[in-house]
Protein chains: 2
Amino acid sequence: MSDSRRTAPDLDETDLALLEQVEADFDVNLETIADELDLSKSAVHYRLNKLKEEGVIQGITADVDPLALGLELTAITDVMVAHERGYSEDIGENLLALSGVEQVYYTMGDVDFVAVSRVQTRDQLNDLIDRIVAIDGVNETSSKFVLGEFENDRAVSSNLTSEAREAVLDGDGSS
Amino acid sequence: MSDSRRTAPDLDETDLALLEQVEADFDVNLETIADELDLSKSAVHYRLNKLKEEGVIQGITADVDPLALGLELTAITDVMVAHERGYSEDIGENLLALSGVEQVYYTMGDVDFVAVSRVQTRDQLNDLIDRIVAIDGVNETSSKFVLGEFENDRAVSSNLTSEAREAVLDGDGSS
DNA sequence: AATGAAATCGACCAGCA
DNA sequence: TGCTGGTCGATTTCATT
């Protein structure tokens, strides 16, 4: 389960602007970013390091196009489990461990888990659903086929409501 | 809608291994990767460039921890729309445009869209759902609260079944 | 597709506001 | 604490094979 970081660091507007930049594209000169933000290269570097150390930036990664690997079929599977025990964590891990499963959410309500999967062929999809059902504790599943995706490029920082932005900037200042 | 690339490039095992590396962590020396793959730095660089040009690598980005921005509440919302027209695309865009919405899937079945959202407070969540319902064409929604996430770090390349790996490596060789 | 050399960029340091 | 400017090592680029 994601259980990242304890300390909520307070960020200023420059940090937010920087995050928006690098969350969209890190494959540029530091100088380009520096110009954009009216900062020196060193200052950008300094802030980036801090953000990494604080865990705000969890990592720098390459984004791979699933279609380029032939993963043309996407499905969303609702998973219902037998509710007796505290096995939720295990079942979540088991779901995620299945190859093809990209993301697993543990949810409140009638549905216990939502899994997003990508595969190449209908056979693989069939097989994957079989493997989900075979997990110990899984009672029932219901899958939706994904016809299209609208993606935000995962831009967390550029996707805040104005209230949310303010709340981020209102650090408690206790550092 | 994601409609990325036309040409399905054929990749070899080195490309796949390289993708797995950089998809997990790009914040390292090229030499580290080169050592890992028994290649020269230049060769690594050459292949990375090719992968970027081919669109296999869509970009290099910083991954920001939503929790660090106070986005502690995640919801998955099923959206049902009025089915008369071909407005699906518009509705998808409208959903994604709402701040707080991170990802939108267009699905087959009883549910037409699935939206994943992140916000800081219950008020923001309430407000977001109101804004979803207010979109023209949206009929009904049903939301699940997310208690936990199991994430694959979005590692597309390291998440292939053995069949899928083989299918990727069986390029048609037409380049 | 891969190499090595030349130009460029980023990481780090000491010092400063 | 956050930033500056400069240095050195690393990376990108390009001509060459």
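Note that the structure is predicted; figures quoted are calculated from it, not measured. Every chain is numbered from 1, with letters handed out A, B, ... down the list of sequences. Heavy-atom basis, side chains included; hydrogens, waters and symmetry copies ignored.
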Asker: When you look at A/Q21 and A/T32, which way does the side-chain contact (heavy atoms from CB on, under 4.5 Å) test go after all the steps?
Answerer: CA-CA 10 Å; A/Q21 291 274 332; A/T32 310; over 6 Å; no

Asker: Quick one: are A/V81 and A/N139 in side-chain contact, heavy atoms under 4.5 Å?
Answerer: no

Asker: Could you state the CG-P distance from A/L37 to D/dG2, rounded to the nearest angstrom?
Answerer: 16 Å

Asker: With side chain to side chain donor-acceptor pair (under 3.5 Å) as the criterion, how do A/N159 and B/S99 come out once you've worked through the C-alpha distance, each side chain's angles and the decisive distance to 0.1 Å?
Answerer: CA-CA 5 Å; A/N159 195 25; B/S99 44; 5.5 Å; no

Asker: With no hydrogens and no angle check, just 3.5 Å: does a side-chain donor-acceptor pair link A/Y105 and B/T74?
Answerer: no

Asker: Summarise how protein sits on nucleotides 9-17 of chain C as a single string, 5' to 3': B when a protein heavy atom is under 4.0 Å from the base, S for sugar-phosphate-only contact, - for no contact.
Answerer: SBSB-----

Asker: In this structure, how many angstroms lie between the C1' atom of D/dT1 and the CG atom of A/L11, rounded?
Answerer: 15 Å

Asker: How long is the line joining CG of B/D38 and P of C/dA1, in whole Å?
Answerer: 19 Å

Asker: Write down the distance between NZ (A/K50) and P (D/dT1), rounded to a whole number of angstrom.
Answerer: 10 Å

Asker: Just how far, in rounded Å, is P of D/dT11 from CZ of B/F26?
Answerer: 11 Å

Asker: Taking only side-chain nitrogens and oxygens of B/R47, does any of them come within less than 4.0 Å of OP1 or OP2 of C/dA2?
Answerer: yes

Asker: Test side-chain contact (heavy atoms from CB on, under 4.5 Å) on B/V79 and B/I132; report intermediate values, then the result.
Answerer: CA-CA 8 Å; B/V79 178; B/I132 291 176; 4.0 Å; yes

Asker: OP1 or OP2 of C/dA2 less than 4.0 angstrom from a side-chain nitrogen or oxygen of B/Y46, does that happen here?
Answerer: no

Asker: Over how many whole Å does the gap from A/E53 atom CD to D/dT1 atom C1' extend?
Answerer: 14 Å

Asker: As a test of understanding, state which of A/I129, A/V119, A/L73 forms a side-chain contact (heavy atoms from CB on, under 4.5 Å) with A/Q124.
Answerer: A/V119

Asker: Rounded to whole angstrom units, what separation is found between the CG atom of B/L48 and the P atom of D/dT11?
Answerer: 12 Å

